[in-house]
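Each remark here refers to the structure printed beneath this line.
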Amino acid sequence: MARILITSAIPYINGIKHLGNLVGSQLPADLYARYMRARDHEVLFLCATDEHGTPAELAAAKAGMPVADYCAEMHEVQTRLSDGFRLSFDKFGRSSSPQNHLLTQHFAGKLAENGLISEVSEKQMYSNADGRFLPDRYIEGTCPNCGYDRARGDQCENCTKQLDPTDLIEPRSAISGSTDLEVRETKHLYLKQRSLRGQLSEWIDSKTDWPVLTTSIARKWLNDGDGLQDRGITRDLDWGIPVKKGAEDWPGMEGKVFYVWFDAPIEYIACAKEWSDARGAPDAEWERWWRTDKGADDVRYVQFMGKDNVPFHTLSFPATIIGSGEPWKLVDYIKSFNYLNYDGGQFSTSQGRGVFMDQALSILPADYWRWWLLSHAPENSDAEFTWENFQASVNKDLADVLGNFVSRVTKFCRSKFGEEVPSGGDWGAEEDALIARLSEGVARYEAAMEAIEVRKAAGELRAIWVAGNEYLQSAAPWSVFKDDPDRAAAQVRLALNLIRVYAVLSAPFIPDAAGSMLSAMNTLDTDWPSDMRAALTALPPGHAFTVPEVLFKKIADEEREDWQTGFAGQR
RNA sequence: GGGCCUGUAGCUCAAUUGGUUAGAGCAGAGCGCUCAUAACGCUUUGGUUGGGGGUUCGAGUCCCUCCGGGCCUACCA
């Protein structure tokens, strides 16, 4: 039994996430966690909300709420939606937790002790009207290069020229529109990533099995231009983790907080402590997952994230861990994803374009979304959601291939043998062939899951479902029954057992439907079918079952059209 | 501008990393079955692998070039 630590990139707090966010980290992480648990491995699956930073403050202000209240409320909302999608986190924590405060300050203290923090005085734009320093992209003005009047302080969207906020002509606050801006001197802490470049580079080079997407982004940052740069890890904000050196105050840093990208990954660790604290368990509980000196040396740590998060997970966070000089667990495998587009464009939180988690669940059960999203996961390139494709895939795969299999088998049995597993008859060559085929299919499915090849795993699972229909078609118990009811009984007995096997195999993708299948088959036996022949006898003759409701109702053309138009506009 | 990824059947994707005749699913066509959610099964149509050039006994795969799409570029997170 292996021990597997799984984290999903933590979703930002300012609003409800769309399906692109979901499929880029949380959903595949959940698939992997469920699979590994099903294989009897010990799993700790962690996620949290990422609550600090300027956008959170602005969103709270817009909602007319104190930022702490806003975050608490949005955390509840996101928790409900995670539950709705059946994301099986062992703990869904908060980056604003007391645990993360202490741990983030602890890491900063260690890094300072080890000479990896420098204090840098710099000039930043301050908005008097807004009463805050403004990040570059929150300053708008006219581009000195092309004259576009809504250029941002970091880059002009029109001519793509890189800008400095001070380059802008007539700069104004993107928040209030105020032009009452001034340049102020402010002091910040920088993490001296340069001095860790060699170690990080060596570490990345050792990861030969990582997705190209992951390593190429890391190498780019390591080697581009002058190489890896030091990074500011503090900000002039009210909401965040106060800058401290461990438990001590940090002279000159009063009123400042850590940069959200410094404290967010540390929350992966703090979240484990939130998990054990919530149960009143001792620190040893979470430390055996994170401290290699306290039992975590045999843990395999896998991270899931969208490609935009890769630099922080391959460089910044490892720099924090390595730089601490303490025996924290480093990530073993990073699974990164491209983006999911929506009907010819991008999903957009700010523009409300696409399908959001709450809307998705209000239309259809989680399994529909889970299946489509995972079987179309953007692993090798960006993928695209269209309503037509969604309807066709879900109807065919879930309703026709899997759902109808369950339906035809249970209903046939009920009409000929009653609602119990029939006795009599023996298996022959046809059943041997099916068992061999299923065993091979399961082996391929397992291999894809171990390698976290999500689409491939979905394809293999589907092929296993298809094998059941092919068997029924050629065995044709409805014909055999007329002359040889015992033989038909043996066929149906196998088919009923196949439903249980399908439930177990499919549960990581479609947990609710798997649950319905198991309860219809009146069994709690979720043993993995490592021995297919034995697995297909788990439900013995005489075992009672019930014919379930339709597992997956098909999506009608009308519904699809309604949603298509309904979601075309803005949220 | 620079870097990386990507372009394969009408659609969504494969192709053991240079090795026979480029494969699946969906959609389309035909046949079969009648247990089942008008479901299932079998057969089948469909490709100058974005264009052009090159290397090689051999190129979807490597090189050059052109065209298209995407991402990143360090103060959004």
Side-chain angles (χ1 to χ4, degrees), chain A residues 9-14 50-56 58 122 124-125 133-139 152-155 160-162 164-165 174 188 193 212-213 215-217 219-221 223-225 228-232 235-236 259-261 264 306-312 315-316 338-339 341 346 349-350 375-376 378-384 386 388-389 392-393 395-416 455-456 458-459 462-463 466 468-479 481 488 491-492 495 547 549-554:
Chain A
I10 65 179
Y12 198 65
I13 194 72
N14 71 341
D50 180 12
E51 306 192 358
H52 299 133
T54 308
L58 296 180
E122 55 194 16
Q124 292 200 352
M125 294 292 254
F133 282 94
L134 295 177
D136 292 354
R137 72 167 44 196
Y138 283 97
I139 298 164
R152 292 191 321 208
D154 57 342
Q155 184 175 40
T160 74
K161 186 176 170 57
Q162 307 267 336
D164 193 84
H188 282 294
Q193 299 187 137
V212 183
L213 185 64
T215 50
S216 65
I217 291 172
R219 290 212 175 86
K220 158 81 170 159
W221 280 55
N223 303 322
D224 196 38
L228 186 62
Q229 298 298 299
D230 294 347
R231 178 174 267 273
R235 292 290 183 273
D236 289 293
Y259 176 42
V260 53
W261 262 117
K307 58 185 164 187
D308 50 334
N309 280 327
V310 168
F312 304 99
L315 303 169
S316 310
N338 287 285
Y339 293 146
N341 291 319
Q346 294 188 336
T349 304
S350 54
S375 62
H376 294 79
E379 290 177 295
N380 296 320
S381 61
D382 290 352
E384 173 150 320
T386 63
E388 287 87 353
N389 187 298
S393 299
N395 283 355
K396 192 69 192 174
D397 299 347
L398 297 182
D400 295 346
V401 176
L402 177 62
N404 183 54
F405 176 83
V406 173
S407 190
R408 67 195 295 204
V409 169
T410 52
K411 286 182 178 171
F412 178 74
C413 184
R414 179 172 63 184
S415 74
K416 303 298 185 210
R455 278 178 186 243
K456 194 171 180 185
R462 194 194 124 102
V466 167
N469 281 313
E470 288 179 18
Y471 168 77
L472 276 190
Q473 191 64 33
S474 73
W478 49 89
S479 302
F481 181 79
Q491 293 168 337
V492 169
V547 174
E549 295 295 308
V550 165
L551 271 185
F552 298 99
K553 189 178 154 301
K554 289 210 205 190

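Values below: every heavy atom of this structure, side chains too, minus hydrogens, waters and symmetry copies.
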Name the nucleic acid region contacted by [X], choosing base, sugar-phosphate or nothing; use a 4.0 angstrom heavy-atom cut-off, strictly under.
X	answer
Val260(A)	sugar-phosphate
Glu122(A)	base
Leu551(A)	base
Phe481(A)	nothing
Val466(A)	sugar-phosphate
Gly53(A)	sugar-phosphate
Lys411(A)	sugar-phosphate

Any side-chain N or O of [X] less than 4.0 Å from the OP1 or OP2 oxygen of [N]?
X	N	result
Lys307(A)	G70(B)	no
Tyr339(A)	C72(B)	yes
Arg455(A)	C13(B)	yes
Arg231(A)	A74(B)	no

### Message
Once ring-ring contact (aromatic ring centres under 6.0 Å, His included) is applied, do any residues pair with Tyr138(A), and if so which ones, sequence neighbours excluded?
### Response
none

### Message
Can you list every stem that RNA chain B is part of, counting only runs of 3 or more consecutive Watson-Crick or G-U wobble pairs with both distances under 3.5 Å?
### Response
B:1-7 with B:67-73, B:10-13 with B:23-26, B:28-32 with B:40-44, B:50-54 with B:62-66

Roughly, in whole Å, what's the span from [atom1] in [X] to [atom2] in [N]?
X	N	atom1	atom2	answer
Asn404(A)	C33(B)	CG	C1'	13 Å
Phe412(A)	C33(B)	CZ	C1'	13 Å
Phe405(A)	G41(B)	CZ	P	11 Å
Trp478(A)	A39(B)	CH2	C1'	11 Å
Asn309(A)	U73(B)	CG	P	11 Å
Glu470(A)	A39(B)	CD	C1'	15 Å
Ile217(A)	G2(B)	CD1	C1'	16 Å
Asp308(A)	C72(B)	CG	P	7 Å

N/O contacts under 3.5 Å, protein versus nucleotides 23-28 of chain B?
| unit_1 | atom_1 | unit_2 | atom_2 | d |
| --- | --- | --- | --- | --- |
| G25(B) | O3' | Arg462(A) | NH2 | 2.8 |

Atom [atom1], compared across [N] and [M]: separation rounded to whole Å:
N	M	atom1	answer
U44(B)	U48(B)	C1'	23 Å
U49(B)	A22(B)	C1'	8 Å
U6(B)	G46(B)	P	30 Å

### Message
Classify the ring geometry of Phe412(A) against Phe481(A): parallel below 30°, tilted from 30° to 60°, perpendicular beyond 60°.
### Response
perpendicular

### Message
Go nucleotide by nucleotide along RNA chain B from the 5' end; which of Ala476(A) and Leu398(A) gets its closest nucleotide reached first?
### Response
Ala476(A)

### Nearest-nucleotide comparison on RNA chain B, the residue closer to the 5′ end among Asn338(A) and Ala399(A)
Asn338(A)

